[in-house]
There are 2 protein chains.
Amino acid sequence: MSLPHALLTSLIEKPSSGSELSARFDRSIGHFWHASHQQIYRELAKLEQAGWVESFFAEEGERKKKTYQVLPAGREELKRWLSTEENLQPVRSPLMVRMRAAAVVGNNGLLYELERHLAQHEEKLEHYLALQKRDQARFQGTSTAKVQMMILESGIKLEYYWIKTIKEALEVLKEHPEEIK
Amino acid sequence: MSLPHALLTSLIEKPSSGSELSARFDRSIGHFWHASHQQIYRELAKLEQAGWVESFFAEEGERKKKTYQVLPAGREELKRWLSTEENLQPVRSPLMVRMRAAAVVGNNGLLYELERHLAQHEEKLEHYLALQKRDQARFQGTSTAKVQMMILESGIKLEYYWIKTIKEALEVLKEHPEEIK
DNA sequence: TGCACCATGTAAATAGTTACATGATTGC
DNA sequence: GCAATCATGTAACTATTTACATGGTGCA
């Protein structure tokens with residue numbers, strides 16, 4: 001499970017409250033490990049319990065926000081975790097499962113669903129490309145920045161993969177019967 | 001959730017017992033939706049309860065096997081499901097999370113873990129390529145076979161993606177400090 | 001003053017993993 | 001006749017999703 005360590009990473013980058021983390025997750029590390037705000041609040045409480053982070057209420061002026069920051073023990077835990085083994089994440093691709101089903105019973109409206117996913121991946125790609133452009137402009141030349149940009153590029157290539165795959169699937173499935181038997 | 005429909009698909013392809021399904025899953029549809037044997041047995045019981053499959057005990061000679069086959073209602077359910085909407089599967093990539101962590105605290109042994117994953121993806125690729133070769137030899141020319149081969153090819157390309165991504169990550173991370181701060 | 005939205009949660013349901021159990025069969 | 005393995009599960013735990021709750025703040 002990567003959530004606690006994804007949160008530690010994000011909090012090292014910048015101490016934050018639950019809601020800030022939740023928002024920030026959606027546009028950074030959450031591209032590789034999604035989490036809902038409910039999960040984040042629960043997990044933050046656990047991290048604090050474990051002594052890996054501490055929290056304080058941010059001063060007046062803004063709404064009251066419970067801000068978390070990583071303690072040395074949390075940083076050590078993150079380092080420890082980096083060298084642990086974890087096998088490949090089992091693949092979970094509902095679209096592929098649907099295509100396999102379509103192979104034996106016919107399309108039955110799957111083309112529309114594929115188009116919808118294609119649009120979602122295209123949107124995601126646009127979003128990533130915009131991030132990349134922004135980051136290149138700000139680029140500091142540090143090793144950390146280089147690694148971060150490499151990760152973003154991997155995300156971009158994954159979207160290209162999906163877009164190409166879905167387009168090819170559409171071509172093949174358009175020739176496939178709407179209904180079998 | 002795709003598991004019940006993945007099972008229906010697999011059972012339409014060939015009526016099977018739980019253990020056969022479990023074994024077959026590992027070398028076909030399970031490439032896109034993994035399930036343990038425990039999950040499969042539980043889900044088969046639910047499918048039967050729903051009236052989508054029926055079971056009978058296979059005749060003497062072999063070990064006694066509870067064989068399941070899909071009923072017309074199950075086939076209809078599969079068709080119905082194909083036209084339902086389901087949004088993108090949230091991404092879950094522990095390796096990317098680890099790389100992001102490495103960006104801020106240093107490699108700390110991550111290189112070894114990357115090499116290990118690289119080897120696993122290479123093995124998977126070999127396996128898929130062997131399947132592809134076998135299927136091409138048997139190719140029947142049916143529309144169903146075409147769709148199935150297209151799906152396998154998508155799986156192959158995804159492995160190429162990971163192999164390339166991990167190799168690039170290794171290059172960048174080798175230049176990155178082992179430990180930060 | 002009341003309505004929308006923000007920040008922080010709790011609760012219940014579902015899905016998936018890990019550990020264990022039981023009887024039957026096959027091979028030595 | 002005993003060990004290893006197969007086939008079918010059960011149970012407990014963990015992770016994730018979905019639905020709901022509560023108090024505060026800003027603003028029309």
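Quick caveat, the model's predicted, so the values are computed rather than measured. Every chain is numbered from 1 and lettered A, B, ... according to where its sequence line falls, protein lines coming before strand lines.
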Mind calculating the distance between CZ (A/Phe25) and C1' (C/dT8) to the nearest angstrom? 17 Å
For DNA chain D, whose closest nucleotide is more 5', that of B/Ser17 or that of A/Ala35? B/Ser17
Whether A/Glu86 side chain and A/Thr84 backbone form a donor-acceptor pair below 3.5 Å: no
State whether the side chain of B/Gln89 and the backbone N or O of A/Pro94 hold a donor-acceptor pair below 3.5 Å, judged by distance alone. no
Nearest-angstrom distance from the residue atom OH of B/Tyr41 to C1' of C/dC20: 15 Å
Which residue lies more 5' along DNA chain D, comparing B/His37 with B/Arg92 via nearest heavy atoms: B/His37
In whole angstrom, what separates A/Leu44's CG from C/dT8's P? 9 Å
Taking B/Thr144 for the side chain and A/Ala103 for the main chain, is one N or O donor matched with an acceptor at less than 3.5 Å? yes
Counting only side-chain nitrogens and oxygens, does A/Lys65 get under 4.0 Å of the OP1 or OP2 atom of C/dA7? yes
With the side chain defined as heavy atoms from C-beta on, B/Ser19 is closest, among D/dA7, D/dG9, C/dT17, to D/dA7
On the side chain of B/Arg42, is there an atom forming a donor-acceptor pair with the base of C/dT17 - under 3.5 Å, no angle test? yes
Identify the heavy atoms of B/Ser10 and B/Arg24 that sit nearest to each other, and give their distance. O-NH2, 3.3 Å
Separation of C/dA21 atom C1' from B/Gln38 atom CD, nearest Å, is 12 Å
Please give, in whole Å, the distance from D/dA15 P to A/His5 NE2? 11 Å
Table of protein N/O atoms under 3.5 Å from nucleotides 22-24 of chain C N/O atoms:
none

Dump the intermediate steps for ring pair (Phe, Tyr, Trp, His ring centres under 6.0 Å) on A/Phe25 and A/His34, then the final yes or no. CA-CA 7 Å; A/Phe25 237 61; A/His34 172 79; 8.2 Å; no
Distance in angstrom units between B/Glu86 CD and C/dA15 C1', rounded: 13 Å
Would A/Asn108 and B/Arg80 count as a side-chain hydrogen bond (donor to acceptor under 3.5 Å, both in side chains) here? Give the steps. CA-CA 8 Å; A/Asn108 292 283; B/Arg80 185 201 62 74; over 6 Å; no
Can you figure out which of D/dT17, D/dT8, D/dT16 approaches the side chain of A/His34 most closely? D/dT17
Grab the CD-P distance between B/Gln39 and D/dT14 for me, whole Å please. 17 Å
Send over the distance from B/Leu47 CG to C/dA15 P, rounded to a whole Å. 12 Å
My understanding is that only residues two or more places apart in sequence, or in another chain, count here; which of them pass side-chain hydrogen bond (donor to acceptor under 3.5 Å, both in side chains) with A/Glu126? none
